[in-house]
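Naming: A, B, ... by sequence-line order, numbering from 1 per chain. Given the structure is predicted, the values throughout are model-derived calculations rather than measurements.
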Number of protein chains: 2
Amino acid sequence: MIDRSSMEMQVQPQTAARMKCMRRADHAPNGAGVTLNDVAAHAGVSRATASLVLRQTGRVSEATRERVRASMSALGYVPDRGAAALRNHTSNTVGVVVTNLANPFFGELLHGLEKSLAAAGFACLLVDTSDDPDAQDAAVRELRGHKVAGLAIVPATGTTAEFPASLQELGLPFVFMTRYLPGTPAPYVGADDVLGGNLAARHMIDVHNATTIAYVGGPIGMLSRENRIGGVKRAMADAGIAATSLHEFPSETSGAGGLQAGRELIDSGLRPDVIICHSDSVAFGVYRALRLHGLADDIAVTGYDDVATAALWEPPLTSISTHGTELGHRAAAHLLEQLAGGNPQLVQRTTPEIAVRQSCGCPAQSIG
Amino acid sequence: MIDRSSMEMQVQPQTAARMKCMRRADHAPNGAGVTLNDVAAHAGVSRATASLVLRQTGRVSEATRERVRASMSALGYVPDRGAAALRNHTSNTVGVVVTNLANPFFGELLHGLEKSLAAAGFACLLVDTSDDPDAQDAAVRELRGHKVAGLAIVPATGTTAEFPASLQELGLPFVFMTRYLPGTPAPYVGADDVLGGNLAARHMIDVHNATTIAYVGGPIGMLSRENRIGGVKRAMADAGIAATSLHEFPSETSGAGGLQAGRELIDSGLRPDVIICHSDSVAFGVYRALRLHGLADDIAVTGYDDVATAALWEPPLTSISTHGTELGHRAAAHLLEQLAGGNPQLVQRTTPEIAVRQSCGCPAQSIG
DNA sequence: GGTAATTGTGCCAATCAGCGG
DNA sequence: CCCGCTGATTGGCACAATTAC
């Protein structure tokens with residue numbers, strides 16, 4: 001009995017290995033298709049032991065541990081994440097859902113997010129929703145199928161409170177980034193929009209004596225736009241400026257949107273003291289519109305997000321720094337803490353800062 | 001015997017279903033954990049039939065097909081991609097490997113890539129290598145574990161010919177994007193760099209009578225930089241300009257890199273007729289350096305890639321359009337055709353165009 | 001007889017070849 | 001021939017069982 005079983009033990013794996021070699025001999029002479037079984041056979045241990053070594057758990061002697069590791073690298077073993085996910089009902093994957101990859105700010109955000117998640121051993125499954133809530137629902141569905149451990153989401157414009165509710169029902173950890181939703185308190189990481197808008201307006205009112213303000217950019221109904229405008233209004237109220245001195249020109253959040261909204265503003269005949277823009281991209285577009293009409297030196301402009309090129313702009317763009325990359329890191333940390341079973345501060349509103357440059361009318365800094 | 005087994009057959013699924021309900025009763029009252037088996041039971045068919053309906057293959061009567069579909073949506077079924085991948089040895093996933101997510105050009109590229117892949121039913125597993133070949137190797141390893149169907153890669157600076165060779169050995173379909181490697185002919189989609197550099201230089205020489213040129217930006221050893229410079233040199237040679245009239249200032253491909261290289265150029269005392277930049281970001285940084293020294297109106301500048309903000313720049317930046325989003329679409333198409341078993345044109349070099357604006361010295365276009 | 005080290009076995013969800021009404 | 005089912009298979013993990021000292 002013992003002899004026979006031990007023979008089987010030896011023969012089985014070898015046969016299996018040979019078949020595999022034959023099956024894809026010229027396709028993949030190296031690591032492709034090497035299974036934990038192959039590793040175990042090569043190291044002369046059971047699949048279970050090999051698994052323990054792989055996951056660095058359980059009690060395995062240092063000697064065999066070393067031997068198994070050697071076999072792994074010798075065979076070029078790559079663990080099959082799908083198989084693990086099947087068994088665990090979860091994977092080392094996080095769904096990342098954004099509204100527009102072409103937006104430079106999201107690039108910076110993603111950069112930070114990806115770095116932190118990768119460092120923790122998670123891979124990013126990326127989806128671009130084109131700011132469409134239906135596409136967002138579809139994305140979540142698909143990502144659920146991939147058994148993502150969690151979701152980092154820039155919610156699409158028009159997302160309702162049902163969305164976070166449904167995620168909660170699913171028991172799927174998530175964080176919203178940079179845009180939060182009205183009503184339901186949901187996990188969130190982003191800069192304080194009210195403060196950001198307030199910061200911009202206060203600077204323009206207090207140091208530049210602005211009395212008429214235009215808020216340009218951001219689609220109607222987007223809460224972050226509402227909030228930033230709220231911050232602007234508060235600054236105006238605090239300074240005793242009538243609310244009627246604020247004019248809104250919503251637009252798509254992009255350079256093209258800013259250009260068009262800027263034209264509309266100019267065509268309207270309005271000549272505000274400042275144009276507070278919803279994003280740096282919008283500000284870039286607005287500047288183009290102003291220059292086309294020779295107005296660039298007459299009206300102050302501020303941006304939002306402080307993207308890398310803002311400081312290089314002519315004139316250097318005064319902007320509200322939301323520190324996109326850092327925000328990405330924090331969103332990752334938020335999600336990772338949830339995944340680790342902790343419960344992090346639900347809503348993390350970072351405090352934005354104003355990066356004062358020249359587009360607001362301030363003098364150039366001396367260069368060190 | 002028969003009775004017993006048939007009883008087991010009936011009881012098993014119900015018991016399993018009940019256990020599932022209990023296990024996560026308050027966690028996920030809806031679709032989470034619904035399996036194809038549950039769908040089959042609900043529709044009164046076998047798992048296999050349900051599978052056929054799911055994948056829209058095989059011969060299933062329209063009646064049962066409809067019934068199964070109804071059960072799927074009734075239960076909120078979400079197919080488990082991991083299980084499918086385990087069985088198929090491949091997933092509906094593509095690995096996307098880039099060097100720096102924060103680079104706006106890659107944002108545009110990814111936008112196109114993701115859209116096309118998503119339309120074909122593939123999800124993107126995203127990795128940012130920080131332009132490090134070792135991180136790139138690690139990324140491929142990890143992505144292999146996820147059983148990606150293919151790879152879309154912006155190769156890191158310093159990648160050797162061994163890299164595509166190893167991918168080929170693995171039998172893993174891939175495309176390189178925007179940067180190609182010396183030597184080995186590998187699947188590639190990107191704009192023709194020699195032509196791009198040539199286009200910029202020719203314009204400056206032919207219409208602006210430039211005789212001294214500086215090429216700024218791009219790290220040493222990057223082939224796309226070498227090629228663009230090659231194109232510049234050819235234009236110079238064609239015009240009878242000595243090769244010594246070309247000066248190189250390599251830098252990191254970013255605004256910060258451009259700013260620093262621009263300063264170095266200015267400090268060197270050189271005052272070329274044109275500065276041809278390796279990317280728009282670099283051009284933005286160079287412009288800042290020029291403005292700091294009051295030189296912005298004296299030296300012409302061209303960018304590369306024609307990112308969205310290039311047209312909004314002051315002065316509007318003359319650039320080489322490589323059509324990032326379109327490139328992303330084409331890279332996706334290349335990969336998808338490989339996956340479909342076809343063999344697309346291995347190296348697809350799109351022809352870049354020059355977007356003539358004012359930074360080169362051309363007059364402003366009349367506005368329609 | 002107790003403890004560290006290792007192993008066997010059943011599962012996870014979907015797919016596919018082969019079989020039968 | 002059309003339709004649908006059975007049973008085996010995929011790679012890794014968890015738990016109980018088992019060995020060795």
As a quick check of understanding, evaluate side chain to side chain contact (heavy atoms under 4.5 Å, CB included) for B:Thr159 and B:Ile153, giving each step before the final call.
CA-CA 11 Å; B:Thr159 302; B:Ile153 305 173; over 6 Å; no
Close side-chain approach of B:Leu181 and B:Pro164, heavy atoms under 4.5 Å:
yes
In terms of heavy-atom contacts, does CD of A:Glu162 have more than 12 from other residues, nucleotides or ligands at under 6.0 Å?
no
Side chain proximity check, A:His42 to A:Asp38, heavy atoms < 4.5 angstrom:
no
Protein-nucleotide distance (A:Arg65, atom CZ; C:dA4, atom P), rounded to Å
14 Å
Nearest of D:dC3, C:dA14, D:dG12 to any side-chain atom of B:Ala84?
C:dA14
Hey, which sits more toward the 5' end of DNA chain D by its nearest nucleotide, A:Arg81 or B:Arg67?
B:Arg67
Just the rounded figure in Å: distance from P of C:dA4 to CD of A:Glu62.
16 Å
What's the separation between atom OG in A:Ser91 and atom CG in A:Leu143, rounded to the nearest 0.5 Å?
9.5 Å
Can you tell me if B:Thr35 touches the phosphate of C:dC12, counting only side-chain N or O atoms and a distance under 4.0 Å to OP1 or OP2?
no
Separation of atom CG in B:Leu86 from atom C1' in D:dC13, rounded to whole Å:
12 Å
May I ask you to decide whether A:Arg179 forms a salt bridge with A:Asp131, counting only side-chain N to carboxylate O separations under 4.0 Å?
yes
Result block: side-chain N/O donor-acceptor pairs under 3.5 angstrom for residues 115-126 of chain B, not counting sequence neighbours:
unit_1	atom_1	unit_2	atom_2	d
B:Lys115	NZ	A:Asp128	O	2.9
B:Lys115	NZ	A:Ser130	OG	2.8
B:Ser116	OG	B:His329	ND1	2.6

What N/O pairs connect the protein and nucleotides 14-21 of chain D at under 3.5 Å? Give each pair on its own line.
unit_1	atom_1	unit_2	atom_2	d
D:dA14	OP2	A:Arg55	NH1	2.3

Thinking salt bridges, do B:Glu62 and B:Arg67 make one under a 4.0 Å N-O criterion?
no
In whole angstroms, how far is the P atom of D:dC13 from the CD atom of A:Gln56?
12 Å
Is A:Leu36 touching bases, backbone alone, or none of the nucleic acid, heavy atoms closer than 4.0 Å?
sugar-phosphate
Any side-chain heavy-atom pair from A:Phe163 and A:Gln136 closer than 4.5 angstrom?
yes
Separation of B:Arg59 atom CZ from C:dG18 atom P, in whole Å?
18 Å
Would you indicate what A:Thr49 reaches in the nucleic acid, counting non-hydrogen atoms under 4.0 angstrom: base, sugar-phosphate, or nothing?
base
Pairing donors with acceptors under 3.5 angstrom, does anything connect the side chains of A:Ser51 and A:Arg55?
yes
Calculate the interatomic distance between B:Leu54 atom CG and C:dA14 atom P; express it in whole Å.
8 Å
So if I take every side-chain heavy atom of A:Val45 and compare against C:dT7, D:dG4, C:dA14, which nucleotide ends up nearest?
C:dT7
Name the nucleic acid region contacted by B:Leu52, choosing base, sugar-phosphate or nothing; use a 4.0 angstrom heavy-atom cut-off, strictly under.
nothing
Nearest whole angstrom, please: distance from the P of C:dA14 to the CG of B:Asn37.
8 Å
Between atom OH in B:Tyr77 and atom C1' in C:dA14, what is the gap in whole Å?
7 Å
Take the C1' atoms of the five end pairs on each side of the helix from C:dG2-D:dC21 to C:dG21-D:dC2, derive the two axes, and give their angle rounded to 10 degrees.
50°
